[in-house]
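These notes are about the structure you will find just below.
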Amino acid sequence: MSNHRGTTVWITGDQCTLQNSALAGCDKKTTTVLMIESIKRAQQRSYHKRKLVLIYSVMRHFAAELRKAGWTVDYYEERENFEDPLKEHIETRKPTGFRMMEQSEFGVTERMVKNLGPIPCQVTSHTQFISSAEDFDSLHKTPDSRVTMETFYHKMRMKTGLLMDGKEPFGGSWNYDKENRQPPGKSVHFSQPLASPADKITADVIDMVNRHFASHIGSVSKSTWNLAVTREDALKEAADFFDNRLDLFGPYQDAMVTGQVSMNHSMLSAYINVGLLHPLELAREAESRYLNGTARLASVEGYVRQLIGWREYIWRVYWRLMPEYRKRNTLDANNSLPEFFWTGDTDMKCMSEALSHVREFAYAHHILRLMVLGNFSLLAALEPVQVNDWFWAMFIDGYDWVMVPNVIGMVLHADGGYVGTKPYAASANYINKMSDYCKKCKYNPKTVVGKDACPFNSLYWDFLARNYSKFEHNHRMVMMMRNLDGKGEEQISEIREQAKHYLNAMARGERI
Ligand SMILES: Cc1cc2nc3c(=O)[nH]c(=O)nc-3n(C[C@H](O)[C@H](O)[C@H](O)COP(=O)(O)OP(=O)(O)OC[C@H]3O[C@@H](n4cnc5c(N)ncnc54)[C@H](O)[C@@H]3O)c2cc1C
Ligand code: SF4
């Protein structure tokens with residue numbers, strides 16, 4: 001019997017969903033699904049081992065699911081690169097055409113299509129998002145104007161009908177953040193997320209990752225593995241979030257507590273980004289929990305906003321502004337990433353806590369990313385490309401499309417203010433209010449200069465002073481700049497000396 005088949009559907013590691021649009025309309029009898037593990041691709045940067053295990057294991061489980069559903073799958077395990085198995089596949093199957101869902105990373109679809117030579121390839125649209133380019137682009141009054149997340153979010157609420165009563169938002173308000181964002185109370189209980197243990201396939205992948213990527217960050221073992229690698233298990237983890245954490249998601253969304261990794265966050269981003277879960281099904285489930293009275297509106301609205309507001313906005317910003325967006329550095333930040341980002345070796349309790357979560361789980365919740373790791377990177381003028389590459393390598397849910405706007409835009413304000421009209425810059429006051437870290441820290445959150453003064457404080461004022469001309473007319477920063485103006489010249493120079501002391505120490509590789 002001939003091996004020759006008509007169409008090949010090429011599926012990559014972040015497209016493991018039966019809703020993959022390249023599969024739609026294909027005849028199982030004449031179609032082959034192609035999936036390739038390329039070791040060289042994963043060695044391009046020091047990706048966290050947990051992330052590699054997740055992607056490879058999801059791919060292998062998805063291939064098994066496809067076979068069970070009657071598809072023929074050519075799966076190339078543990079291959080050095082993409083090119084050789086692709087050539088083998090073409091020689092064996094002699095496909096007359098390829099189909100592929102568009103890639104999430106800028107420029108990759110074109111590179112993959114080029115590798116196919118003369119064989120035609122039909123590129124189908126991405127199914128892991130709810131918005132269209134038209135939804136976003138049509139909101140721009142001129143090509144150079146900006147659109148806020150909030151404006152886009154209203155449009156997405158109307159488009160999906162989520163939390164809407166006709167044209168009006170549930171409860172009369174679009175956004176309930178005023179009721180959210182409480183500091184951590186002493187008696188608050190956080191329910192631990194459900195764990196999904198490793199099966200034989202995941203155990204094999206763990207062995208492979210430990211063999212090929214021994215020098216990469218993190219450690220993985222069969223006994224400690226706890227992430228879902230199938231849609232079935234991811235749905236169970238999602239149900240656990242809706243049953244046990246959604247109701248209190250809002251109030252403690254911004255809180256940080258020593259030793260607490262997940263708090264009330266969903267921990268589902270990695271599953272959504274590889275295709276195991278769809279954002280719309282999660283948003284609809286959250287809405288149903290409000291309608292059946294098991295979750296408060298402020299939490300449900302907050303969660304839905306993250307999914308159909310922020311996630312969609314970030315995706316659209318990426319595709320509208322790439323490729324030059326990645327290179328932006330509006331604040332001229334040029335310092336090197338300090339070594340402790342990799343080792344976790346620092347006396348700053350907030351940073352060491354966030355870094356320990358990342359090193360162990362390849363995860364830290366949003367506020368640790370934004371107001372601790374990100375805030376420090378902003379204040380210390382770390383170079384955007386280095387910060388972006390670090391986040392991309394370290395986080396289990398990290399992909400180019402989501403890292404670039406979050407890091408270059410939201411965190412570092414390096415995009416000239418597209419994602420945010422003002423930088424998320426904060427001194428130790430914020431961290432002290434929203435966490436219990438400062439009580440356990442070597443540094444004093446209340447002092448700006450002196451031996452034990454918290455580095456966030458002097459770096460904060462130094463940040464405002466060195467960017468004075470860029471922020472002095474920003475109406476959202478009036479208070480911050482007025483506070484800076486209120487300090488005498490002598491005081492400012494003393495503060496900036498203190499900041500310089502920390503920056504120089506970091507540059508010399510000394511512990512701070
Ligand atoms: C510096 C920085 C880097 C980030 N890197 C990533 C990343 O690599 N991958 C990623 O998916 N998210 C990223 N985010 C966004 C957000 O922090 C994570 O989506 C979230 O922490 C994931 O954890 P969770 O599933 O428990 O989310 P929850 O707090 O439960 O939020 C619900 C969902 O909303 C979505 N979401 C919320 N905010 C964003 C956002 N800003 N961008 C995109 N999706 C969002 C996610 O899908 C998330 O699962 C980053 C944010 C910052 C500030
Ligand atoms: S005192 Fe400063 S460095 Fe220490 S935990 Fe608080 S904010 Fe972080």
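Atoms within each ligand, like the ligands themselves, are counted from 1 in listed order.
- The closest protein non-hydrogen atom to atom 6 (C) of ligand 1 is Arg369 NH1, 3.2 Å.
- Each of the following atoms of ligand 1 lies closer than 4.0 Å to a heavy atom of Asn273: 9 (N), 10 (C), 11 (O).
- Residue contacts with ligand 1: Ile314 is placed with no nitrogen or oxygen under 3.5 Å of a nitrogen or oxygen of the ligand (distance criterion only).
- The closest heavy-atom contact to atom 34 (O) of ligand 1, among the options Arg305, Gln253, Met403, Gln306, comes from Gln306.
- In terms of protein heavy-atom proximity, atom 41 (N) of ligand 1 is closest to Asn406 OD1, 2.9 Å.
- Partners of Glu232 according to the side-chain contact (heavy atoms from CB on, under 4.5 Å) rule, which considers only residues two or more places apart in sequence or in another chain, are Thr230, Lys236.
- Closest to atom 9 (N) of ligand 1 among all protein heavy atoms lies Asp397 O, 2.8 Å.
- With hydrogens and angles ignored, the 3.5 Å screen pairs a side-chain donor or acceptor of Ser21 with a backbone N or O of Ser125.
- At a 4.0 Å cut-off, at least one heavy atom of Tyr303 sits close enough to ligand 1 to count as contact.
- In the vicinity of Tyr363, heavy-atom distances shorter than 4.0 Å reach the ligand 1 atoms 23 (O), 24 (P), 26 (O).
- Atom 30 (O) of ligand 1 has as its closest protein heavy atom Ser266 OG, 2.6 Å.
- Lys500 has no carboxylate O lying under 4.0 Å from a charged side-chain N of Asp462, or vice versa, which leaves the two without a salt bridge.
- Per-residue contacts place Val411 under 4.0 angstrom from the following atoms of ligand 1 (heavy atoms of the residue considered): 1 (C), 53 (C).
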Would you be so kind as to tabulate the donor-acceptor pairs closer than 3.5 Å made by side chains of residues 343-350, with sequence neighbours excluded?
from, atom 1, to, atom 2, distance (Å)
Thr343, OG1, Asp345, N, 3.2
Asp345, OD1, Arg511, NH1, 2.8
Thr346, OG1, Met348, N, 3.0
Thr346, OG1, Ile512, O, 2.7
Asp347, OD1, Arg511, NE, 2.8
Asp347, OD1, Arg511, NH2, 2.9
Asp347, OD2, Lys442, NZ, 3.3
Lys349, NZ, Glu353, OE1, 3.4

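- One side chain, Asn226 or Arg50, offers a donor N or O that lies under 3.5 Å from an acceptor on the other.
- The shortest heavy-atom distance from Phe249 to ligand 1 is under 4.0 Å.
- For ligand 1, the atoms closer than 4.0 angstrom to any heavy atom of Met410 are 41 (N).
- For ligand 1, the atoms closer than 4.0 angstrom to any heavy atom of His366 are 15 (C), 16 (C), 17 (O), 21 (O), 51 (C), 53 (C).
- Within the 4.0 Å heavy-atom cutoff, Tyr313 does not count among the residues contacting ligand 1.
- Within the protein, the N, O or S atoms lying under 2.8 Å from atom 4 (Fe) of ligand 2 are Cys441 SG.
- With atom 47 (O) of ligand 1 as the reference point, the heavy atom nearest to it among Lys51, Arg245, Arg311, Met149 is part of Arg311.
- The ring of Tyr153 has its center no closer than 6.0 angstrom to the ring center of Tyr313.
- Of the candidates Gln43, Glu37, Gln44, Gln44 is the only one forming a side-chain hydrogen bond (donor to acceptor under 3.5 Å, both in side chains) with Arg41.
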**OP:** Apply salt bridge (charged side-chain N to carboxylate O under 4.0 Å, His left out) to Asp397 and Lys51, showing your working.
**Re:** CA-CA 8 Å; Asp397 51 10; Lys51 178 178 186 172; over 6 Å; no
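- Among the atoms of His365, none of the N or O lies under 3.5 angstrom from an N or O of ligand 1.
- The salt bridge (Lys or Arg N to Asp or Glu O under 4.0 Å) check on Asp332 picks up Lys470, with sequence neighbours excluded.
- On a distance-only criterion, His265 and ligand 1 share at least one N/O pair closer than 3.5 Å.
- The shortest contact between atom 39 (C) of ligand 1 and any protein heavy atom is with Trp310 CB, 3.8 Å.
- When ring centroids are compared, Tyr290 and Tyr303 stay outside the 6.0 Å threshold.
- Annotation: Val402 places no N or O atom under 3.5 Å from an N or O atom of ligand 1; distance criterion only.
- Remark: Lys49 fails to qualify as a cation-pi partner of Tyr56 under the 6.0 Å distance and 45° angle criteria applied to the six-membered ring.
- Minimum interatomic distance between Ala295 and Val300 (heavy atoms only, all atoms of both residues): CB-CG2, 3.7 Å.
- The aromatic ring centres of Phe106 and Trp401 sit 6.0 Å or more apart.
- More than 12 heavy-atom neighbours from other residues, nucleotides or ligands sit within 6.0 angstrom of CD on Gln386.
- Because its NZ or CZ atom is both nearer than 6.0 Å to the ring centre of Tyr363 and within 45° of the ring axis, Arg369 counts as a cation-pi partner of that residue.
- Ion pairing between Asp135 and Arg316 fails under the 4.0 Å rule for side-chain N and carboxylate O.
- Heavy-atom proximity to atom 25 (O) of ligand 1, evaluated over Ala270, Ser269, Gly409, is greatest for Ser269.
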